[in-house]
Amino acid sequence: MREPVAAPFLLRVLGVLIGCLTALLGLVYFAVAGTAAGPFLLWPRTRPRAHALLASGARRLTALERGRRSVFFHDTFPVHRASDQQILRYLAVRTYSGLLCGVVVAMVDFGAILAGIFAVSVVRTSMSWVDLLSQFVLGGTLLFLAVQGLRALTDQDARLARDCFGPSERELLQRRIDELATSRAAVVRAVDVERRRVERDLHDGVQQRLVALAMLLGRARRGRTPERADALLAQAHKEAQEVLTELREVAWRVYPTALDSLGLHEALGGVSERCALPVRMEYDVPGPLPSAVETAAYFVVSEAVTNAAKHSSAEEVSVRVRQRGAVLTVRVRDTGRGGADAGGSGLTGLRSRVAALDGTLDVDSPLGGPTTITAELPCA
């Protein structure tokens with residue numbers, strides 16, 4: 001539960017008074033419905049049905065309490081359906097605290113009436129200063145205690161509403177722990193997948209080319225004629241250049257050094273230059289970004305553009321990187337045939353990398369296209 005805008009004082013006072021009346025409704029409900037359902041609650045066969053009926057009526061009164069908190073206290077609650085046990089416990093405690101609050105309000109009103117009578121008597125009759133001072137001290141003490149009691153009861157009302165209508169602090173903490181544990185495991189899996197891919201690229205690509213290069217140099221050394229040796233050396237030189245290009249590509253897939261030296265914009269420009277498809281880039285980031293956010297944004301664009309060039313049969317790719325407030329939005333859209341597998345290893349690794357930064361990754365790829373990959377990364 002959160003309170004984005006504090007309600008006016010008089011509106012909250014009215015909400016407290018109405019809460020006393022709704023507590024009286026709760027007392028009447030428990031007296032009537034509890035008496036009627038009591039025998040059925042004692043019999044095991046009818047107990048579940050009687051308990052459900054009792055909770056159903058209590059849920060309606062609880063909805064009234066939720067509306068009272070929303071209207072008079074400007075409370076907003078998440079979508080959360082409490083269990084029947086929570087509903088009955090909330091209504092019972094709320095009825096007790098509301099009736100107690102009504103008693104305190106009645107005592108304050110009674111004290112105000114007595115204060116008025118005392119003021120009239122002071123004007124009409126003479127009273128010693130000792131009696132006058134003692135009456136003021138006693139009345140002030142009782143008023144202070146009554147106000148503190150009302151404040152404690154209203155705070156308890158807010159806590160009860162938060163516990164019933166929204167996730168408790170324990171639930172939120174446990175949910176956060178589960179999210180962190182899941183994202184940590186996902187990051188570990190993504191790192192393992194990335195390592196396997198780098199090993200596969202080195203083994204199937206660079207290593208094979210180096211073997212071919214060594215064979216060409218060996219044949220050149222054994223060449224019987226200078227012309228044959230020169231041709232083999234030229235071929236070996238070309239193969240060495242291709243090995244360097246492929247090794248540079250593998251290094252960029254591991255980590256692009258341009259991110260540290262030139263920044264995200266220039267690194268994404270390198271992705272566009274190496275892509276076989278035309279890439280339209282829109283970059284709207286006013287200031288520097290955290291290093292982890294830059295890295296995640298780069299790999300989202302790089303992976304999405306590479307997949308579009310390899311698998312989508314697209315004609316072009318559009319990339320938009322935009323920062324609004326504390327959120328960086330990365331959107332990659334291609335004109336391909338769609339049908340991308342959101343559970344594939346590449347996109348799963350991206351989702352894990354983004355989730356590690358408390359971000360989200362959405363993949364929209366209907367059959368027939370287009371495919372749109374959107375990542376939102378918090379920058380704060």
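This is a predicted model, so every value here is computed, not measured. For the numbers below, each heavy atom of this structure counts, side chains included, while hydrogens, waters and symmetry mates do not.
Both the sub-6.0 Å distance and the 45° axial angle are satisfied by R69 relative to the ring of F73.
Hydrophobic cluster membership differs between L153 and L91, with clusters built from Ile, Leu, Val, Met, Phe, Trp and Tyr side chains linked at under 4.5 angstrom. With hydrophobic clusters built from ILVMFWY side chains whose heavy atoms lie under 4.5 angstrom apart, L289 shares a cluster with V321. Note: the hydrophobic cluster containing L100 does not contain L143 (ILVMFWY, side chain heavy atoms under 4.5 Å, direct or indirect links). Connection of V300 to L357 is established within a shared hydrophobic cluster, with ILVMFWY side chains joined at heavy-atom distances below 4.5 Å, either directly or through further cluster members. L114 and V105 are not part of a single hydrophobic cluster, where members link through side-chain heavy atoms under 4.5 Å apart.
Checked by atom type and distance alone, the side chain of S302 never pairs as donor or acceptor with a backbone atom of Y298 at under 3.5 Å. One N or O on the side chain of Q86 and one on the backbone of S83 form a donor-acceptor pair closer than 3.5 Å.
Counting heavy atoms from C-beta outward, Q156 and V93 have side chains that approach closer than 4.5 Å. No side-chain heavy atom of L264 sits under 4.5 Å from any side-chain heavy atom of V285. Counting heavy atoms from C-beta outward, D157 and R68 have side chains that approach closer than 4.5 Å. D84 places a side-chain heavy atom less than 4.5 Å from the side chain of R59. Contact check for S318 versus E282: no side-chain heavy atoms found under the 4.5 Å cut-off. Annotation: side chain of T374 is in contact with side chain of R331 (closest heavy-atom distance under 4.5 Å). Side-chain contact between M107 and L142 is absent, with no heavy atoms from C-beta onward closer than 4.5 Å. No side-chain heavy atom of L328 sits less than 4.5 Å from a side-chain heavy atom of E294.
With rounding to the nearest 0.5 Å, the separation of CZ in R324 from CG in D284 is 4.5 Å. For the atom pair OG1 (T141) and CZ (F136), the distance works out to 12.5 Å, reported to the nearest 0.5 Å. One finds the CG atom of N307 at 9.5 Å from the CG atom of D334 (value rounded to the nearest 0.5 Å). To the nearest 0.5 Å, the span separating OG1 on T329 from CZ on R322 amounts to 8.0 Å.
Other residues, nucleotides and ligands contribute over 12 non-hydrogen atoms within 6.0 Å of the NE2 atom of H265. Atom OH of Y283 has more than 12 neighbouring heavy atoms from other residues, nucleotides or ligands inside a 6.0 Å radius.
Here the closest non-hydrogen pair linking A308 and L277 is O-CD1, 3.9 Å. Residues S97 and L160 approach most closely at OG-CD1, 4.1 Å, considering heavy atoms. Here the closest non-hydrogen pair linking L377 and A296 is CD1-CB, 4.1 Å. Closest approach of G336 to A314, counting heavy atoms only: N-CB, 3.5 Å. Annotation for C275 and A309: closest pair SG-CB, 4.1 Å, computed over non-hydrogen atoms. Here the shortest heavy-atom pairing between P290 and C379 reads CG-O, 3.4 Å.
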Query - T62 and R94: CA distance, side-chain angles, deciding distance, side chain to side chain contact (heavy atoms under 4.5 Å, CB included) verdict - result: CA-CA 9 Å; T62 303; R94 173 69 191 91; over 6 Å; no
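When V279, V317, T371 are each tested for a side chain to side chain contact (heavy atoms under 4.5 Å, CB included) with V332, only one passes: V317.
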Donor-acceptor pairs are to be reported for all side-chain atoms of residues 14-34 against protein atoms at under 3.5 Å, with residues two or more places apart or in another chain.
{"residue": "T22", "atom": "OG1", "partner": "I18", "partner atom": "O", "Å": "3.4"}
{"residue": "T22", "atom": "OG1", "partner": "G19", "partner atom": "O", "Å": "2.9"}
{"residue": "T22", "atom": "OG1", "partner": "E65", "partner atom": "OE2", "Å": "2.7"}
{"residue": "Y29", "atom": "OH", "partner": "L54", "partner atom": "O", "Å": "2.6"}
{"residue": "Y29", "atom": "OH", "partner": "A58", "partner atom": "N", "Å": "3.4"}

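If you check the side chains of R60 and S56, you find a donor sitting under 3.5 Å from an acceptor. Counted by atom type alone, T372 and R333 present one or more donor-acceptor pairs between their side chains at under 3.5 Å.
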